[in-house]
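A quick write-up on the structure given underneath.
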There are 2 protein chains.
Amino acid sequence: MRRRRSDRTSAPSPAEPAPIDPIDPDAVAGSVLAGDCIEVMRRLPAGSVDMIFADPPYNLQLAGPLHRPNNSRVAAVEDAWDKFPDFAAYDAFTHAWMAEARRVLKPQGTIWVIGSYHNIFRVGAAIQDLGFWILNDVIWRKTNPMPNFRGRRFTNAHETLIWAARDARTRYRFNYKALKRLNDGLQMRSDWLLPICSGPERLKDGEGRKAHATQKPLALLYRVLQAATAPGDLVLDPFFGTGSTGVAAKALGRRFIGIERDPGYVDLAMRRLAEAPETPDPKLLGGDGVEREPRIAFGLLVETGLLPVGTKLWDRQARHSVKVRADGLVETGRGRNAAFGSIHQMGVKASGGPSCNGWTFWHTRARNGTLTPIDELRRRLRAEMAEEPLTAAEEDAAEENAAGTDIPAPLSVTT
Amino acid sequence: MRRRRSDRTSAPSPAEPAPIDPIDPDAVAGSVLAGDCIEVMRRLPAGSVDMIFADPPYNLQLAGPLHRPNNSRVAAVEDAWDKFPDFAAYDAFTHAWMAEARRVLKPQGTIWVIGSYHNIFRVGAAIQDLGFWILNDVIWRKTNPMPNFRGRRFTNAHETLIWAARDARTRYRFNYKALKRLNDGLQMRSDWLLPICSGPERLKDGEGRKAHATQKPLALLYRVLQAATAPGDLVLDPFFGTGSTGVAAKALGRRFIGIERDPGYVDLAMRRLAEAPETPDPKLLGGDGVEREPRIAFGLLVETGLLPVGTKLWDRQARHSVKVRADGLVETGRGRNAAFGSIHQMGVKASGGPSCNGWTFWHTRARNGTLTPIDELRRRLRAEMAEEPLTAAEEDAAEENAAGTDIPAPLSVTT
DNA sequence: GGGTCGGCTGAATCATGCT
DNA sequence: AAGCATGATTCAGCCGACC
């Protein structure tokens, strides 16, 4: 039966969804919302959070109690929230919460989901089916995993995280340089070695038993947040548990919203968060270190006299050269072979590659033959413009580079 | 239209599947079968192979060319075999070949599938949907992965293998001890650190380019085969490629069947296998070092006089004791408290645990009070029966244990 | 012959802002 | 919205060339 428009003004029938009571994300930032995550997410506006971290039930399907060789019993995940009748039920649940998560995510946001081989393949397939675009799968290698007591399998020494963008071709955030610094100057890899959550960090109940079966280590959350968020970003965790995501967010100057169904965990997380430290100084948070430096047009080097008109520039093998023109372009050849263009365009011509960064391709040549990339001149100009004095080491380096070149010392610059 | 029975005797119509031409697995062991793996597997009898290793297409979905910072172009996987129109097509393909693989697998067999985040979640979900039972996901961590040239993601430094049994409750093979030895005496973990296939191992074509885009390192196959097969086992690889699985199988004394669609790869693999070394001495293959040992009934210790009837056995804390009976059982208590059973059953009774290994639970007690597990007696008996002299260290240990006990020196045994 | 240096390559879903 | 200009970006290992 087709509904007439006037029906809509009447009270909703039982078959219709309950009227949505909207939640203002900014108003609830920093708190834990009690309730089913699907229902709570429905009340959040679309495109309202920067990142989502989710640690959903693993659907462990343990056959029976497991005992160590000394016959002591292993404390397993036996909570009701981890029980699903079959894969279909788990898939339905996964699609449901993940569809809401995607709606709530900003177009340029990303989602992280952690799981084990029991559930991660269902989760990954659902992520792809819902239109997310996987960026990496990341392996958390445990330094101290539980051994395999029966000796029937490999020690299950890792868990898998999936990192995905909301859409295939969006501009997501990845703090590449920050993570490279965290990894001693090498690119951060997709395998992370971290201890499991134990010792004082592991929350206990009154009787000294672990308060939550699957509490994640803060170090894991730190790395996730540092990789994919900026200070001030809003992070959503729909399976908040003991609130590790919130603790990490607070420490890193990120905002968060936690959703948790179990009232006991809600209480626990709120008490934990009240005492969690907050980084007082935003400068300590770092960021990516690639906050855009002011753009410098090549022509400015000519105008400021750093590169006099007619100066010859060479590639690193000194096989190609161009001459600096007054209009900030460079030229090469004579007569019919003559050509001119930007440092980048002429770099493409000279190198034959598909693209070229002229700043690092072209060099000045000192009288003794030493080649210096013109990017070095740009760096010095930037330093002057910022009116920040060079460090002693930088001054030394600058003088050393300048010594014996045809290039005049940098001038004062006014924009 | 319903078909009448008599139709079946006539020549098959084009709509009917072609008549199956059966393949005898033993006859084709050690060779490469050319053709589509689904069609070829259909011709193999059900339950005919011990293990399957599969390296299916990853469905990479690469957008455009990628260049290194030095502008050289990355050689991508651009082969037609890796192209699928969408996830649905890939899923259908995956289900189809994997269903055949499961049929061909022995009930106690296992399957290994390798993939990356592009496909492994589809593969894992299909494995579960088809009734396989996942035993582990194993992470191949690459020592030397390709970097992320644009700094937009984590270095994709690993691939994932799924190891699954045909059914949930089958007795599959896992050479636990062999892998523990491979790992310096520690349990083998689910994360394996291995280099990618390069250098002389990497097959090249006439022009020095890689012969196959995705050749896997032999070390990876060695470990897989050592973990999950016994010498003489028949291993099937439905995506044989350059035949690394065959080379590893030949070296480890396993039999193999390779299936490969591309005639060029078939030729290449056959030539490679002809020159691949075969381990001549089966003793070098090792095995697990467990099931080679003959089973020793507890009663044999009584029959051989190693444990005279009436000897008292104690648990490690000397809190419980049993007496050895002539029939190879042990008994405890008197009158109404009397009970008897196997060393294992009585161990369960004494320890209160769910299970008990009587060989390590029960001990003989020397006059000076020293307790020695009866497993030590079994070990000495095994050594005699094998007529293999003990190593010097074993002799020392055995003597030390025997010194001052009530237990007579081992007798010569004839079975 | 040995050591050093530069070049090449590997299952890769690899850019962004302005006009 | 599409096109164009700018310019940011790599690690381990093998191999050959060259001292």
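No experiment lies behind these values; they were computed from the predicted model shown. In what follows, every chain begins at residue 1, and chains take the letters A, B, ... in the order their sequences are listed. Worth knowing before you read on, the calculation uses all heavy atoms, side chains too, and leaves out hydrogens, waters and symmetry mates.
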Quick check, are the ring centers of [X] and [Y] under 6.0 angstrom apart?
X	Y	value
Phe154(B)	Trp192(A)	yes
Trp81(B)	His212(B)	yes
Phe84(B)	Phe93(B)	yes
Trp163(A)	Trp112(A)	yes

Quick one: look up who [N] pairs with, Watson-Crick or G-U, both distances under 3.5 Å, and put none if it's unpaired.
N	result
dT16(C)	dA5(D)
dA11(C)	none
dA17(D)	dT4(C)

Proximal nucleotide (of [options]) relative to the [X] side chain:
X	options	value
Phe87(B)	dG17(C), dA11(C), dT13(C)	dT13(C)
Asp82(B)	dA12(C), dC11(D), dA11(C)	dA11(C)
Pro200(B)	dT6(D), dC15(D), dT10(D)	dC15(D)
Asn357(A)	dT13(C), dG7(D), dA11(C)	dG7(D)
Ser72(B)	dG7(D), dA11(C), dT9(C)	dT9(C)
Gln128(A)	dG10(C), dT13(C), dT16(C)	dT13(C)

Side-chain N or O of [X] less than 4.0 angstrom from OP1 or OP2 on [N]?
X	N	value
Arg152(B)	dT16(C)	yes
Arg68(B)	dG7(C)	no
Tyr172(A)	dC14(C)	no
Arg202(B)	dC15(D)	no
Lys177(A)	dA8(D)	no
Arg150(B)	dA8(D)	no
Asn70(B)	dG7(C)	no
Ser342(A)	dT6(D)	yes

For [X] and [Y], does a side-chain donor sit closer than 3.5 Å to a side-chain acceptor?
X	Y	answer
Asn148(B)	Arg150(B)	no
His158(B)	Ser190(A)	yes
Gln187(A)	Thr155(B)	yes

Would you indicate what [X] reaches in the nucleic acid, counting non-hydrogen atoms under 4.0 angstrom: base, sugar-phosphate, or nothing?
X	value
Thr214(B)	base
Pro56(B)	base
Asn156(B)	sugar-phosphate

Practice item. Would you please determine if the base of dG7(D) is stacked by Trp359(A), with stacking meaning a centroid separation under 5.5 angstrom and planes under 30 degrees? Key: no
Practice item. Name the residue closer to the 5' end of DNA chain D, choosing between Leu186(A) and His344(A) according to the nucleotide with the nearest heavy atom. Key: His344(A)
Exercise for review: Take Val348(A) and Gly185(A), find for each the nucleotide of DNA chain D with the closest heavy atom, and name the residue whose nucleotide sits nearer the 5' end.
Suggested key: Val348(A)
Practice item. Measure the distance from CH2 on Trp163(A) to C1' on dC14(C) and round it to the nearest whole Å. Key: 11 Å
Review point. In whole angstrom, what separates Leu203(B)'s CG from dG10(C)'s P?
Key: 13 Å
Review point. Among residues 136-146 of chain B, which contact DNA chain C at a heavy-atom distance under 4.0 Å?
Key: Asn144(B), Pro145(B), Met146(B)
Practice item. Apply ring-ring contact (aromatic ring centres under 6.0 Å, His included) to Phe239(B) and Phe53(B), showing your working. Key: CA-CA 8 Å; Phe239(B) 304 96; Phe53(B) 180 89; over 10 Å; no
Check your understanding: Does CD in Glu275(B) sit with more than 12 non-hydrogen atoms of other residues, nucleotides or ligands closer than 6.0 Å?
Key -> no
Check your understanding: Counting only distance, no hydrogens or angles, is the base of dA11(C) paired donor-acceptor with the side chain of Lys216(B) under 3.5 Å?
Key -> yes
Review point. What about Trp133(A), does its side chain sit under 3.5 Å from the base of dT13(C) through a donor-acceptor pair?
Key: yes
